[in-house]
Amino acid sequence: MKLLEQMVKNDGKVYPNNVLKVDSFINHQINPKLMLEMANSFYNYFKEKRVTKILTIEASGIAPAILVANLFDVPMVFAKKSVPSTLTRNSFYESTVHSYTKNVTNNIVVSKDFLSSEDRVLIIDDFLANGQAVLGLADLIRQAGGTLLGVGILIEKSFQDGRKLLEEKNIEVCSLCRLASLENEKIEFNLADDEK
Ligand code: G4P
């Protein structure tokens with residue numbers, strides 16, 4: 001998506017260890033017009049798929065996911081990174097996600113009330129790096145017996161393993177911005193999936 005690429009070029013900042021900071025429009029302050037345009041791109045890409053639910057993970061996936069859910073006119077559910085005190089044992093699906101970027105491991109949970117074998121699910125998330133968050137979400141869908149239809153990503157770090165891992169599992173990925181490299185603080189792009 002050209003607008004996203006332009007904003008990454010103008011306002012994104014490269015940090016050590018190949019981290020791209022996009023706090024001014026995605027991860028902290030949020031640009032609603034950009035979010036809406038990105039949601040429209042995902043809708044156009046996946047609209048034939050008979051989606052019944054949008055799934056994401058807290059925190060930064062929630063903003064794009066809710067807008068995509070609105071376009072599909074389906075509920076959005078987000079996996080939580082801690083078990084709410086109101087959820088009793090056996091009332092939720094649980095998986096483990098290790099973040100290489102942040103060097104933390106989270107148990108992620110979704111209540112069994114909100115994911116079922118009837119669900120045809122589109123996953124939405126902000127970053128795809130090593131793919132662990134998406135694989136954790138896919139595991140929750142598998143436990144529920146639901147169907148994973150595809151994955152929509154705002155910014156993919158194509159030089160990390162996530163994309164390859166998902167494609168090896170035949171998971172369809174639509175990334176609106178694909179970073180080929182962040183070497184020497186220079187941002188280089190691959191062609192985004194919605195532009196192919
Ligand atoms: P993975 O999910 O693809 O395996 O990625 P990884 O574990 O490496 O990254 C985990 C967290 O770090 C995710 O946020 C992801 O969005 C974020 N992340 C990864 N690379 C970058 C980057 O270059 N820039 C930014 N801004 N974030 C990056 P999270 O733990 O889910 O946190 P939240 O922000 O959603 O709360």
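Note that ligands are numbered from 1 as they come in the structure, with each ligand's atoms numbered from 1 the same way.
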Original post:
Listing by chain and number, which residues have a heavy atom under 4.0 Å from ligand 1?
Top reply: Asn18, Val19, Leu20, Asn27, Glu58, Ala59, Ser60, Lys81, His98, Ser99, Tyr100, Thr101, Lys102, Asp126, Phe127, Leu128, Ala129, Asn130, Gly131, Gln132, Ala133, Lys157
Original post:
Should the pair Lys112 and Tyr93 be classed as cation-pi, given the thresholds of under 6.0 Å to the six-membered ring centre and 45° from the axis?
Top reply: yes
Original post:
Should Lys13 and Glu185 count as an ion pair when the cut-off is N to O under 4.0 Å?
Top reply: no
**OP:** Give the cluster check for Ile54 versus Ile57: same hydrophobic cluster or not, with ILVMFWY residues linked at side-chain heavy-atom distances below 4.5 Å.
**Re:** no
Original post:
Can a salt bridge be assigned to the pair Lys186 and Glu188 using a cut-off of 4.0 Å between side-chain N and carboxylate O?
Top reply: yes
**OP:** Any pair with a residue in residues 128-138 that passes salt bridge (Lys or Arg N to Asp or Glu O under 4.0 Å), sequence neighbours left out, goes on the list, sorted by first then second residue, please.
**Re:** none
Original post:
Would you say Leu140 and Leu115 make side-chain contact, with heavy atoms under 4.5 Å?
Top reply: yes
